[in-house]
Asks: 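Got a structure for you, questions after.
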Amino acid sequence: MGFQEVPNRVDFPAQEREILRFWKESRAFDTLRTLHRGEPHWSFIDGPITANNPMGVHHGWGRTYKDAMQRFRTMQGHELRYQNGFDCQGLWVEVEVEKEKGFKTKKDIESFGLEEFVRLCKARVLKYAAVQTEQSIRLGYWMDWNEPDTLRWLGEKLLENPRQIITLEGVEGPVTGTVEELIGRLGMPELGGSYFTFSTENNYMIWTFLKRCWEKGWVYRGVDVMPWCPRCATGISQHEIVTDGYAELTHNSVTVRFPLLDENGQPRLDAQTGLPEALLVWTTTPWTLTSNVAAAVGPDLTYVKVRNGDRVYYLAKGTLSMLRGDYQVLGELKGTELEGWKYAGPFDDLPAAQIAGGFSKIKEVSAGVSQSAAQAHRVILWEEVGETEGTGIVHIAPGCGAEDFQLGRKYGLPMIAPLDEEGVFVDGFLWLSGMHVSEVADPIFANLKEKDLLYRVAPYTHRYPTCWRCHSELVFRLVDEWFISMGEVYDKPRSELTPEEKARSLRYQIMDVVDQIRWIPEFGYAREMDWLRNMHDWMISKKRYWGLALPIWVCKECDHYEVIGDEKELQARAVEGWEIFEGHTPHRPFIDAVKIQCPHCGGKMERVLDVGNPWLDAGIVPFSTLRYRSDPDYWRKWYPAQWITESFPGQFRNWFYSLLAMATVIDQSPPFLQNFGFATLVAEDGRPMHKSWGNAIEFNEAADRMGVDVMRWLYVTQRPENDLLFGYNRGDEARRQFLIPLWNAYSFFVTYARLDGWLPQGTFDRDFPEGATPQSENILDRWILVRLNQLTARVTASLDDSDFYTASTSIGVFIDDLTNWYIRRSRRRFWKSQSDDDKQAAYATLYHVLVKLTRLLAPLTPFVTEAMYQNLVRNVREGAYESVHHTRWPVTDETAIDGVFLEQMNLARMVASLGLAARSGANLKVRQPLARAMAFAGNNRSLPPDLVEIITDELNVKDFEFVEEASRLVNFRVLPDNKTLGPRFGALFPKVRAALAALDPSSVAALVQAGQGVKLNVDGQEIELAPAEIIVQTMPVEGLAVASDKGFTVAIDAVITPELRAEGLAREFVRRVQDLRKTAGLEISDRIRLRFVATGLLADAVEKFRDYIMNETLTVDLATGEPDAEMVVVEDQFDGEKVKIGLKRYTP
RNA sequence: GGGCCUUUAGCUCAGUUGGUUAGAGCGUGCCUCUGAUAAGGGCAAGGUCUCAGGUUCGAGCCCUGAAAGGCCCA
């Protein structure tokens, strides 16, 4: 037993890998759980990470918060669940599998086979769950992880044969089942480990949720025009489009003539000029012209009739610059005057435009509409039409645009839906049929030109929605999808809603739940509320393959639909196909085989083929993972989560929203009590990380190069509401400023403790291994102990408040105090050869500080603290815990906190710092001793002798004194105390200030220092200021070696006497010897022989300070003369003297 | 178009309830210390606190408006 030697240069990443090995071999995490079993629970719910690719450094940010908070709560004495989550289902996985297999369309998937495709998706998730598990472990994230190799093995077995029977080691013993079944049970109580949102329980729990929605009448099938990705062949919901969903794109916009028609359907001619009249219409999506039905004008806009070339056009007055060539304004009219005008559509030659009731496969949209598009063409009014772009006349294609659709509904217009799922024009569009939407623009321009309808084509750059997964440009498409109603938005304050109104509207119920949650930072609350107010109904369906099987069964005969609440209900209702499905997870294609009977007409009901929105998968986890269905007691114990944390952008409408919506429907309660949010990680150049920009950093690379303690330090020292700039330069800075100084303090301690054979004494409590606060007479010791306990209180309060920034930056400041003041000033106490009480106190103090500091830091940087703990505690204490992370959270020793020490030490440090500045200003190097320093510090005129000693030593002066007669050092400046006098005099204050300034500063200062008031004459009024209302400041007198700051002034006596000079030379000599010792590679404790040759003054000085020199340099034999052959030699000159010194190790 | 956030030194950021001379780190220059040494420390230069109004005896901070950037929603 004893401290092991500490290398002063460490390969931190290598050390971290060693510690990972240690944790694994010692099963440190299992021990932690055992130690805290049965303690008050603290519930955290992990927001699932998408297991689709390796994780990035941005994931490291959130995961560091999660780990640090969990470690902190555990050390405080709580039992936690430590369950990580993987998000598994949805389009993002499909897209990657499609890429792997080289699939281009949905048809490729169907011909490949749904069953195998779904298996590939599952296997991919398992593969990347394994990778992310390994990366998270590397980050030091302590969770109930699955063995990564087991996850990989399961993936392989699944691809091999999902029906084979296997056995896994479970929590309470082996668990046997088919591969498919066991994969579906990952994360369940019997298997443990991370939860997977593809689990059978997760899916059925969502069924239960959807059934409750349905029972309340909130699940409905709706028709809408939605953003649609032609590559993925699926609708993109509002939730998905808003973040990653826009790109700056340049398209060819087109301005088109819509010739006006008279009542007889003949071309309308202008009465004045006899020229044919036309509307001028502009669009950025030419393909939608094929489906034009109407043209909209702003009712309040002013329109003009202009002659341009051999035609007469109508357009908004504010858009005249759209016209090419000369034009002549013939008249003005209001938008409302245009209403009802008829025109010839640009593609009335297509069959689709000629069909009565419109052209769409969705029957519903043509109900009650008898006209064809060609018959329906007319000008309608729309308030949203503006003049900022285009012509002020908007082309309306109700089957191709969301707002167009709403207008179409309002005016009962026919609708034309031109595109199939993959963006190809369907039959009914003649030459266009079979063409892809992305390739029709130019042919359409050519066709319009041929028909003499084309006015102008011009490139136009705009924000255009793209698919957040594959980046294809989206189109708008008429679809039928499934929705959860959010309820109406009432036009009155929330407080005035009746219970009935609230009961009808889910959004207000969610708001009530949001009120019960603390949002950090606070603006999170407003963000979530804003989203809830504006939120549309939640589109939960997606026409894809891999995901939640929506439990909606529709009758083939009567169109009645029902939502099935769980597997038991399904089995009970099944009339066909159960035997095909049985034994499978509730995924396509097997679930599709199950048919039930329609309670209305007795017909056969089939499941809708759609899969679910993936945020359903993530939002249900407070129920599915906490055993809501199987173990209500367990659920009540762990629900709600005390705390969740995720990156803000996006989550208000995604995970936070789905958590809130689902918990509100199921339990009318908050699923989490605190939400700690943080911003976005970007590269060091402030731009988002992009592989192609060369500024992206991969997680593994960062961990290998900078080490994860450094990464974690970058994360926790960041203010969470600001974007984090992440990169190697920042990492180097953190290593230099935090990790290396910490390590050096530790290494310093161990080096000397080993030399002196020092070991901690007294009783040992393994929960609090630093022991009680040591008692010491030494002022440095007492000061650092005050600081330590102040820090303990601060870090505890900050972490309690999710304030990692304050916690970590406070620790940073403390480490600076420790290394740059406590250790620097205490160094000689450790060096000195006699082992007295003071040395013992120094060891006891520094040891205590290091151990407690290590433990305060353990949640933030678990690796370096573990390395320090192993040596500082485990190597020297019988019965110590195996890991620092098994110890209890440090307790603040309130009795050790004494503010007087802090003030006095601050004063001493201020004086020392100013003294050094004064020396520096006079070009007097510190190695040259000087006679005297003088300080003026107002009323602070005394310091204890030990602090004075520190100051004299620091400043290298023989004597230090506070001067009361500041006039020796400074001039005075008197100022009114604004804080008291401002309110007292109000508007008169400037005159009071001026009157005070007019007095002689030194006499005012004298009065104030004597405790007397000052009389002023202001506007003929006699005013008296109390001494407390006047602030006396000092300015250094010119010509002294003086420095001054905030009322403190320090002066140095710059006279160098011959004695001082000799002492200075002796110190220079020592310095050269110390350098030589290092060059020769000696140990700190090695004794030496010295030979030297020196010029006059220096030789005298060496003689005079012989004892001092020998003592400082551990010299046992010092003599003049040429160095021996085997000596290390240095020659140097300084201060006009020359010297040659030889050194060798002394061997008795 | 609406909401929220940001704007302080060359860069990255602090800045307490409004108070007198606005700070830190990095970078730059000079100096210095010396068993933390491929480190440490000090000093200096560097600021119309984005702009314009307002409130106030007094505004980096509060209010109004504008600009730029970001996030969110239309």
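Proteins come first, then strands; the chains are lettered A, B, ... in the order of their sequence lines, and each starts at number 1.
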Asks: Base, sugar-phosphate, or nothing: which does A:Asn729 touch, judged by heavy atoms less than 4.0 Å apart?
Replies: nothing
Asks: Taking the six-membered ring for Trp, are A:Phe748 and A:Phe830 parallel (under 30°), tilted (30 to 60°) or perpendicular (over 60°)?
Replies: perpendicular
Asks: Measure the distance from CG on A:Asn820 to C1' on B:U32 and round it to the nearest whole Å.
Replies: 14 Å
Asks: Which nucleotide wins on minimum distance to the side chain of A:Arg527, given the candidates B:C33, B:G3, B:C57?
Replies: B:G3
Asks: Please check: side-chain N/O of A:Thr680 versus main-chain N/O of A:Asp723, any donor-acceptor pairing under 3.5 Å?
Replies: no
Asks: Report the base-pairing partner of B:G1 (Watson-Crick or G-U wobble, both distances below 3.5 angstrom), or none.
Replies: B:C73
Asks: Using the C1' atom on both, measure B:A44 against B:A9 and round to a whole Å.
Replies: 14 Å
Asks: Rounded off to whole Å, could you give me the CH2-to-P distance for the A:Trp531 and B:C5 pair?
Replies: 20 Å
Asks: A:Phe830 near the nucleic acid: base, sugar-phosphate alone, or nothing, with a heavy-atom cut-off under 4.0 Å?
Replies: nothing
Asks: Say we look at B:C61 and B:G15: how far apart would their C1' atoms be, to the nearest angstrom?
Replies: 9 Å
Asks: A:Arg827 has a side chain; which of B:C26, B:G35, B:A36 sits nearest to it?
Replies: B:A36
Asks: In terms of relative ring orientation, are A:Tyr746 and A:Trp743 parallel, tilted or perpendicular, with 30° and 60° separating the classes?
Replies: perpendicular
Asks: Between A:Trp538 and A:Tyr657, is the ring centre distance below 6.0 Å?
Replies: yes
Asks: Could you check, using the six-membered ring where one of them is a Trp, whether A:Trp61 and A:Phe726 have ring centers closer than 6.0 angstrom?
Replies: no
Asks: Please report the distance, rounded to the nearest Å, between CG in A:Leu955 and P in B:G42.
Replies: 13 Å
Asks: Applying salt bridge (charged side-chain N to carboxylate O under 4.0 Å, His left out), can you list everything that pairs with A:Arg927, at least two apart in sequence or on another chain?
Replies: A:Glu1068
Asks: In whole Å, what separates the P atom of B:G46 from that of B:A22?
Replies: 14 Å
Asks: Looking at every strand, decide which applies to A:Thr819 at a 4.0 Å heavy-atom threshold: base, sugar-phosphate, or nothing.
Replies: base
Asks: Identify whether any heavy atom of A:Ala526 sits under 4.0 Å from a base atom; if not, whether one sits that close to sugar-phosphate; answer base, sugar-phosphate or nothing.
Replies: nothing
Asks: To the nearest Å, give me how far apart CD (A:Glu721) and P (B:C72) are.
Replies: 17 Å
Asks: Where the side chain of A:Leu725 is concerned, which of B:G35, B:C13, B:G19 is the nearest nucleotide?
Replies: B:C13
Asks: Please say which of A:Phe738, A:Phe12, A:Phe804, A:Tyr805 ends up in a ring-ring contact (aromatic ring centres under 6.0 Å, His included) with A:Trp713.
Replies: A:Phe738
Asks: Round to a whole Å and report the spacing from CG of A:Leu1025 to C1' of B:U20.
Replies: 15 Å
Asks: What is the base-pairing partner of B:G35, counting Watson-Crick and G-U wobble geometry with both distances under 3.5 Å?
Replies: none
Asks: From B:G25, B:A39, B:U20, pick the nucleotide closest to the side chain of A:Asn978?
Replies: B:U20
Asks: When you compare B:U50 with B:G42, how far apart are their P atoms, in angstrom units rounded to a whole number?
Replies: 29 Å
Asks: Measure from the side chain of A:Arg927, starting at C-beta and using heavy atoms only, and say which of B:G19, B:U34, B:G40 lies closest.
Replies: B:U34
Asks: Toward the 5' end of RNA chain B, which comes first, A:Gln737 or A:Arg9, by nearest nucleotide?
Replies: A:Gln737
Asks: Which value, in whole Å, describes the distance between the P atoms of nucleotides B:C4 and B:G10?
Replies: 31 Å
Asks: In whole angstrom, give me the gap between the P atoms of B:U21 and B:C5.
Replies: 31 Å
Asks: Quantified in whole Å, what is the P atom distance between nucleotide B:U55 and nucleotide B:U16?
Replies: 24 Å
Asks: I need the CZ-P distance between A:Arg828 and B:A36, as an integer number of Å.
Replies: 12 Å
Asks: When all nucleic acid strands are considered with a 4.0 Å heavy-atom cut-off, which category describes A:Pro521: base, sugar-phosphate, or nothing?
Replies: nothing
Asks: Taking 4.0 Å as the cut-off, does a side-chain nitrogen or oxygen of A:Arg1067 come that near to OP1 or OP2 on B:U32?
Replies: no
Asks: How far does the P atom of B:C13 sit from the matching atom of B:G60, given to the nearest Å?
Replies: 22 Å
Asks: Kindly point out which of B:G2, B:G35, B:C57 is positioned nearest to the side chain of A:Asp530?
Replies: B:G2
Asks: Provide the Watson-Crick or G-U wobble partner of B:G29, both distances under 3.5 Å; none if there is no partner.
Replies: B:C43
Asks: Does the structure show a Watson-Crick or G-U wobble partner for B:A68, both distances under 3.5 Å? Name it, or say none.
Replies: B:U6
Asks: Identify whether any heavy atom of A:Arg824 sits under 4.0 Å from a base atom; if not, whether one sits that close to sugar-phosphate; answer base, sugar-phosphate or nothing.
Replies: nothing
Asks: Base, sugar-phosphate, or nothing for A:Gln1074, non-hydrogen atoms under 4.0 angstrom?
Replies: base
Asks: Nearest to the A:Pro990 side chain among B:C4, B:C57, B:C26, which nucleotide is it?
Replies: B:C57
Asks: So for A:Asp816 and B:A24, does any side-chain atom that can act as donor or acceptor lie under 3.5 Å from a complementary atom in the base?
Replies: no
Asks: Return the nucleotide paired to B:C62: Watson-Crick means purine N1 to pyrimidine N3 with N6-O4 or O6-N4, wobble means G-U with N1-O2 and O6-N3, both under 3.5 Å.
Replies: B:G54
Asks: Check for me whether the distance between the ring centres of A:Phe749 and A:Phe3 falls short of 6.0 Å.
Replies: yes
Asks: Could you tell me how far apart A:Lys979 (NZ) and B:G58 (C1') are, to the nearest whole angstrom?
Replies: 12 Å
Asks: On RNA chain B, nearest-nucleotide positions of A:Arg1071 versus A:Ile740: which is more 5'?
Replies: A:Arg1071
Asks: Rounding to a whole Å, what distance do you find between A:Phe748:CZ and B:G35:C1'?
Replies: 9 Å
